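The figures that follow rest on heavy atoms only: side chains count, while hydrogens, waters and symmetry mates do not. All values derive from a computational prediction rather than experimental measurement.
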Protein chains: 2
Amino acid sequence: MTEAKRSEPKRPATGADVARIAGVSQATVSLVVTGKSEGRISDEQRDHVLKVARGLSYQPNASARSLRLGRARTIALIVPNVANPYFSSVLLGAERAARGREHAVMLLDTGSDPDWPGWVGQILATRAVDGCIVYAADPLTPGQVRVLGRHVVLVEANARGAGSVQLDIAGGIRQAMVHLIELGHRRIAHLAADFPQETFQVREATYRASLNAIGIAYRPAYVVKAPFQIEASTAAARQLLVLDQPPTAILCDDDLQAAGVYKAATALGLRIPGDLSVVGFDDIELARMLEPELTTVAIPASDVGARAVEMVLGLIDGRSARSQTIPLELRVRGSSGPPAVYR
Amino acid sequence: MTEAKRSEPKRPATGADVARIAGVSQATVSLVVTGKSEGRISDEQRDHVLKVARGLSYQPNASARSLRLGRARTIALIVPNVANPYFSSVLLGAERAARGREHAVMLLDTGSDPDWPGWVGQILATRAVDGCIVYAADPLTPGQVRVLGRHVVLVEANARGAGSVQLDIAGGIRQAMVHLIELGHRRIAHLAADFPQETFQVREATYRASLNAIGIAYRPAYVVKAPFQIEASTAAARQLLVLDQPPTAILCDDDLQAAGVYKAATALGLRIPGDLSVVGFDDIELARMLEPELTTVAIPASDVGARAVEMVLGLIDGRSARSQTIPLELRVRGSSGPPAVYR
DNA sequence: CTGAAAGCGCTAACAC
DNA sequence: GTGTTAGCGCTTTCAG
């Protein structure tokens, strides 16, 4: 008990504590623990300092360090809804990529609150983050981008004044439509998202363009909207399936909606793909749980997250980011086949 | 252009910049921007400072602030896999609760790496976080808890030396078994998780105890194991369903497994719940997407996250945390009914 | 009512 | 090789 207060787990040890006990200067401690002692500190001295540091279970204070360095090695990820499996995959990919580059991820869920940029900006400004990735379907104004900080990367939404990772939505829809058309479908309906975002407008436009391209007339009754909920999607699908001339295939804006189509079809005694082909969008895990497994346009979610991370990291390091577009890929599974008339 | 360099968006403005331009001291700026100027700074002075601050779009530096305050208003959340919908719900609840208490959430995904405590501890130590929530199925050693920092709350795993939020797993299984037994089932199988964690041992033990309680003999052939994957679960379920005396009901350790049971049943031409009752565990969104909707034991995931947040926040504020147990609730839906023999 | 000054814990020039 | 020192930007007594 002679050596000052022995164990005092109240206050974590500081570099100064280590220095005092090891009988060296604080600078030496810093050099040693950050591994920059090469050729500056003798090996015995270093080992001694290390031992003392471990003894006190010394951990450099993170705030002090990032204050000094001007870097927190943390990036923020802003998503509309983490509980959505698609976004959680993006998150997973982002977190992994960030960790691989020695960065941590701070998560902010906007809950689709339309005026999120304001309060999110507040939170970011009062947190030690070096940059942020924003997953948003709607484009942001330059002002909104600015309040988010100096290093902003947008995903899906396009933006002036920020790097962005875009998805080739039109390409994805086109592949799905070509697939259905090649199978022989001519009565193809679109179970569309009941949201105003640009991405969904693109999907609808591409759906129409694809029909147009092979001379199929667009029928307003073949386009119904539903939010991404199972009940609403089921109801909307039912509406299509009880038409006088029901579609032989339904293209959905989301895999969840496709699940609704399955339910509606089952309720009406229709078999998939025999009586009805279904194509989804996103390729979340659910797609492989449905029976039969869902043909769907896959978005490489975790890859999207990873690329966005690379992009912010680039911005932070002073490289300017060029926007990039990620291709989508149709995954053909059991839910699509030739229409009944061809069998 | 007389007023020094006009716009210089390179370096963010500091409190000193504001002070200089506003012609006041840095202390005044601090008082004003933190809203502590009441009765200390004149109203005109305050408004003036505020105007200048806004003009420079001044934001107090987060690292400096938390260095000074010793608080970062950030907590870490460590989960085995964010992409798992159950964990993402926990995350969602935690993030909301944290934000309501002015805290942000840093996310760390262990990917179920068995030696996560080491590297996670490293990351936490080098980040400005005030505490952490750990979702782990396996109990942690006191040493592992210690490296995670001073304020640790465990979810599901029990631990000495840390607060914890526990789930009443046994109660949940019991409810499910009572439900099936009351419906008249006597041949009840268990599609168990193929993982060694305590929670799964509890489930198996409770399954047996429930059978035992009403004098049903335990049949080894009625217990099969599968990981939480659709193919493996389907195969395992099939194994049960092709027995000479197949079960009339299957209790699953996870909703994903239940989805596998559906697939196996469909493949064998069995109807749910007519020929087979199925009960899941977790109540993720998938439960309501299956046809018929799945009877399952609901874990209030986002509530679990929220409670864990309250608990760490308590620890951080110096209150000692008492561990608590969250009750689970059986949600009866369409996948369970009386066995065929009773119809 | 306002300003001066100390110091949170760390890193990196720069001396010695 | 090792120590001294000067801040990073902020909050908060303490004087005036």
#### Entry: side chain to side chain contact (heavy atoms under 4.5 Å, CB included) between Leu92(B) and Asn81(A), worked out
CA-CA 8 Å; Leu92(B) 183 71; Asn81(A) 177 15; 4.1 Å; yes

### Query
Within the structure shown, what part of the strands sits under 4.0 Å from Thr34(B) by heavy-atom distance: base, sugar-phosphate, or nothing?
sugar-phosphate

### Task
Answer with base, sugar-phosphate or nothing: what part of the nucleic acid does Thr14(B) contact at a heavy-atom distance below 4.0 Å?
sugar-phosphate

### Task
Could you tell me which residues satisfy side-chain hydrogen bond (donor to acceptor under 3.5 Å, both in side chains) with Thr126(A), sequence neighbours excluded, listed by chain and number?
none

Rounded interatomic separation in angstrom, taking [atom1] from [X] and [atom2] from [N]:
| X | N | atom1 | atom2 | value |
| --- | --- | --- | --- | --- |
| Arg65(B) | dT12(D) | CZ | C1' | 13 Å |
| Lys36(B) | dT13(D) | NZ | P | 10 Å |
| Tyr58(B) | dG9(D) | OH | P | 10 Å |
| Asp17(A) | dC8(C) | CG | C1' | 13 Å |
| His48(B) | dT2(C) | NE2 | P | 12 Å |
| Asn61(B) | dC8(C) | CG | P | 18 Å |
| Arg71(A) | dG9(D) | CZ | P | 16 Å |
| Arg20(A) | dT2(D) | CZ | P | 20 Å |

### Task
May I ask you to verify if any side-chain N or O of Ser42(B) is less than 4.0 angstrom from the OP1 or OP2 atom of dT2(C)?
yes

### Summary
Residues passing the salt bridge (Lys or Arg N to Asp or Glu O under 4.0 Å) test with Arg46(B), sequence neighbours excluded, are none

### Query
Under a 4.0 Å N-O cut-off, is there an ion pair linking Arg307(A) with Asp303(A)?
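Yes, this pair counts.
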
### Query
Which nucleotide in the set dT12(D), dG9(C), dC10(D) lies at the smallest distance from any side-chain heavy atom of Leu67(B)?
dG9(C)

### Query
Quick one: ring pair (Phe, Tyr, Trp, His ring centres under 6.0 Å) partners of Tyr135(A), sequence neighbours excluded?
Tyr86(A), Phe87(A)

Polar atom pairs between nucleotides 3-7 of chain C and protein, under 3.5 Å, N or O only, would you list them?
from: dG3(C); atom 1: OP2; to: Ser25(B); atom 2: N; distance (Å): 3.2
from: dG3(C); atom 1: OP2; to: Thr28(B); atom 2: OG1; distance (Å): 2.8
from: dG7(C); atom 1: N2; to: Arg68(B); atom 2: NH1; distance (Å): 3.3

#### Entry: Within residues 75-99 of chain B or reaching into it, pairs that qualify as salt bridge (Lys or Arg N to Asp or Glu O under 4.0 Å) - sequence neighbours excluded
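Pairs touching residues 75-99 of chain B that pass the test: Glu95(B)-Arg99(B).
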
### Task
Please collect all salt bridge (Lys or Arg N to Asp or Glu O under 4.0 Å) contacts where either partner lies in residues 126-137 of chain A, sequence neighbours excluded, each pair once.
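Only Arg71(A)-Asp130(A) qualify under salt bridge (Lys or Arg N to Asp or Glu O under 4.0 Å).
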
### Task
Could you pick out which residue, Val33(B) or Ile41(A), lies toward the 5' side of DNA chain D when each is mapped onto its nearest nucleotide?
Ile41(A)

